[in-house]
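In what follows, a single structure is set out as structure tokens and then discussed.
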Amino acid sequence: MFKQVVGALVALGMIGFGSAADRAAAAEKTLKIGAAVSLSGALSREGRLLVEGYELWQKKVNEAGGIKIGDDTYKIEIVSYDDESKAQTSAQLTEKLITSDDVSFIFGPYSSGIATATAVISERYKVLTLAPMATANSLYGRGYKYIFTQTPLADRGLYPVLELASEMDPKPQSVAVVGPDDLFPNIVGDSAAKKAEEMGFKLVYTAKYPKASTDLASVATQIKSAAPDVVLATGYVQDTLLLLKSMRELKVDPAIVGLAMSIGIQDFRDALGPSANGIMGTDMWVSTLTYSDPVFTDSATFAKEFEAEYGNAPTYHAASGASAGVILQMALEKAGSTDVDKVREALLSMEGETFYGRFKFEDDGTNSLGTAAVSQLIESDPKVIFPPAVAQEKALYPRSEM
Amino acid sequence: MKAKHQLAAAAVLLVLALILPAVIDNYWLRVMTTVFMIAIVAQGLNVIVGFAGYHAFGNAAFFGVGAYIAGVSLNAQVPLALAIVLATGGSAVVAGIFGWPLLRLRGHYFAIASVALNMAFVEVILNLGGVTGGAMGLPLPISPMPPDLLYRMIYYMMLGALTVATLVVWHLSGSRLGYALRALRDSESGAEVMGVDTVKAKILAWMISAAMTGCAGGIWAYWLTFIEVGSAFDIGISMRAYIMMLLGGMGTIIGPVVGAFVFEIVATLVWSEFTHIHNLLLGMFLIAVVILVPNGIIHLISRASARLSAARELRRAKA
């Protein structure tokens with residue numbers, strides 16, 4: 001009994017000590033930015049790429065001497081925690097970042113589901129969140145004022161592929177949309193199907209298969225009998241691989257195969273081998289984009305510096321993270337203050353570009369100028385084929401047999 | 001430790017918990033709310049595992065059921081208090097319905113069946129769609145209350161639920177049902193021979209367990225404002241609660257609460273200090289616990305105090 005009481009008191013003491021220690025520090029001009037991102041668990045890979053983007057921006061800024069905000073120059077300190085790919089943990093850490101670490105700005109998590117749970121907390125405390133990879137439409141439809149993303153929202157995920165398809169000669173007539181039954185793929189797939197019909201394509205087949213499917217032969221068979229000119233797949237890496245292999249075995253051969261999210265991933269391309277030739281997909285970012293900004297100059301420079309720092313080529317996750325930093329920096333400089341509401345106003349009044357793309361934010365936090373490119377695997381190499389302004393090659397159309 | 005002593009300790013902890021929000025910041029408030037939440041789940045496990053001896057690894061199923069009942073109710077403009085009551089009662093009903101067939105299984109067969117039940121619920125919600133949001137997740141209405149007030153209210157809701165759960169366990173430990181459960185834990189056929197209606201006792205135990213777990217899930221849903229099957233039916237919730245129950249001492253009254261507190265506070269401190277190796281350190285802590293305190297903290301304390309008083313007796317006898 002006595003021991004239990006003592007134990008409880010010791011634990012309480014630890015609590016008090018912990019928060020007091022957290023409140024100390026600060027004094028010199030450092031701007032703390034919080035980041036609770038998945039470094040372990042199901043989303044650890046994407047989370048780590050995103051954090052590397054944030055941190056590369058931090059390094060660049062500090063090497064250049066910091067950010068000039070009003071009359072002061074601030075160094076950047078990113079306080080990052082691992083949310084274990086769990087919403088509950090992320091919520092707890094967001095609270096810690098805001099109330100113990102006293103951050104006024106947060107770089108968001110990778111997943112939209114997790115961001116939906118944390119955004120409500122930062123909203124309540126009026127803390128500004130830049131969530132470059134949380135692009136579910138539902139997140140920006142809740143009336144939040146303090147969360148922004150510069151990446152096009154999920155529902156636009158396959159629009160570039162459809163736009164490209166409509167410019168091909170001869171124009172493809174029919175479209176099939178398939179993908180796993182999950183938050184992100186559903187948003188991408190449903191809106192692509194709607195958009196395709198609006199654009200005059202004939203929607204001949206749609207399917208949602210269970211997320212953890214290990215056999216997609218039946219889906220491939222259905223696609224074969226519907227014989228669409230365009231197959232749009234909204235899946236993740238594993239299931240998309242499975243789908244494409246099943247299609248190859250059944251000799252399903254549409255003129256265009258467009259993917260929503262796997263094309264930018266090296267492992268995916270390696271696993272498909274030469275049979276992937278001609279497959280295309282939306283790429284949020286490619287290193288050949290020609291937009292520029294004062295921090296990273298352009299995408300090619302960003303890619304080079306990222307590779308020098310981390311030893312591997314950057315993906316769009318990292319690029320979006322680094323560019324979120326650049327956007328925040330621009331807004332801070334324009335606001336001339338670290339006051340959250342002033343920075344928010346600056347963000348809303350700006351129109352500009354980073355190496356990642358152009359931006360102009362709407363009241364709901366979305367970017368009305370956000371665009372994505374389409375890459376196609378040409379001789380196993382991803383080449384940008386759309387939009388024409390940044391294209392490296394002409395589209396391979398119709399694609400050769402799988 | 002005797003029930004009386006445990007209850008006294010619980011009362012002291014409760015008083016501390018009641019005044020705590022006045023002295024801690026909102027982050028620690030959230031940590032403590034999480035402690036209470038997971039302690040309720042551990043207390044729920046205590047009923048079915050610690051008392052009845054049925055290893056319900058998949059008890060997170062009721063956490064999810066409670067969360068979804070509360071979520072759907074709140075979206076239908078049901079007042080918060082009623083939504084939590086529905087989550088609690090609904091989870092108990094679900095446990096009653098599925099307990100009827102599942103509790104006929106014994107040992108690891110039941111453990112596996114309970115995990116399967118958890119997985120089945122995930123599929124059901126995914127395919128139901130509609131009001132549950134299916135794979136898209138379910139956003140809940142956002143309270144307009146300022147954070148300081150709202151998070152304190154949720155803290156006290158969790159604390160209240162935990163207090164009730166602990167009182168239920170205390171009552172159970174001295175009740176007819178409690179004795180029946182312990183009898184069937186030690187020998188099910190033996191208990192039957194003695195005239196215990198084991199089927200009824202087991203189902204009641206699981207319903208109580210599910211009610212506690214579902215209540216925690218319901219408050220959690222309101223707290224988080226966005227639920228997905230992945231986070232609501234996370235088997236990790238059961239696993240963590242299970243570890244806490246073992247750490248504190250299963251079959252005791254406040255063991256699961258103490259276990260939850262120790263585990264969660266250690267996990268949180270490890271987290272904030274060692275961002276990159278926290279899982280490794282936590283794993284080492286768990287191994288140490290299993291080796292050093294296999295029967296739980298409460299048993300350790302009882303044993304230590306028994307040894308102390310024995311030594312005192314011995315000294316007195318020698319003198």
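Protein chains get the first letters and strands the later ones, always in sequence-line order, with residue 1 at the start of each.
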Could I get the full list of ring-ring contact (aromatic ring centres under 6.0 Å, His included) partners for A/F184, not counting sequence neighbours?
-> none
With sequence neighbours excluded, residues passing ring-ring contact (aromatic ring centres under 6.0 Å, His included) with B/Y155 | B/F36
Considering residues, nucleotides and ligands other than A/R45, do more than 12 of their heavy atoms fall under 6.0 Å from its CZ?
-> no
Please say whether more than 12 non-hydrogen atoms of neighbouring residues, nucleotides or ligands are located less than 6.0 Å from CZ in A/R344.
-> yes
Within-4.5 Å side-chain heavy-atom neighbours: [X] and [Y]:
{"X": "B/N26", "Y": "A/R124", "result": "no"}
{"X": "B/R30", "Y": "A/K96", "result": "no"}
{"X": "A/Q92", "Y": "B/T268", "result": "yes"}

Tell me, side chain or backbone of B/M145 under 4.5 Å from chain A's heavy atoms, or both, or neither?
-> backbone
Contact class of B/L140 relative to chain A, heavy atoms under 4.5 angstrom = backbone
Mind checking the [atom1]-[atom2] spacing from [X] to [Y]? Nearest 0.5 Å is all I need.
{"X": "B/M136", "Y": "A/T116", "atom1": "CE", "atom2": "OG1", "value": "10.5 Å"}
{"X": "A/Y144", "Y": "B/I142", "atom1": "OH", "atom2": "CD1", "value": "3.5 Å"}
{"X": "A/I98", "Y": "B/D25", "atom1": "CD1", "atom2": "CG", "value": "12.0 Å"}
{"X": "A/S100", "Y": "B/W28", "atom1": "OG", "atom2": "CH2", "value": "8.0 Å"}
{"X": "B/L280", "Y": "A/S40", "atom1": "CG", "atom2": "OG", "value": "12.0 Å"}
{"X": "B/N127", "Y": "A/D181", "atom1": "CG", "atom2": "CG", "value": "7.0 Å"}

Scored by heavy-atom pairs under 4.5 Å with chain B, the best of A/I187, A/T89, A/T118, A/L97 is A/T89
If you tally heavy-atom pairs under 4.5 Å between each of A/K86, A/Q88, A/E123 and chain B, the highest tally belongs to A/Q88
Please look at A/I121 and chain B and tell me whether the side chain, the backbone, both or neither of the residue comes under 4.5 angstrom of a heavy atom of that chain.
-> both
Would you mind checking which part of A/E84 comes under 4.5 Å of any heavy atom in chain B, side chain (CB onward), backbone (N, CA, C, O), both or neither?
-> side chain
Highest number of heavy-atom pairs under 4.5 Å with chain A: which of B/V262, B/I227, B/V229, B/T34?
-> B/T34
With a 4.5 Å cut-off on heavy-atom pairs, point out which of B/G230, B/G236, B/S143 contacts chain A the most.
-> B/S143
Nearest atoms (heavy-atom pairs only) where B/L224 meets A/V120 | O-CG1, 4.1 Å
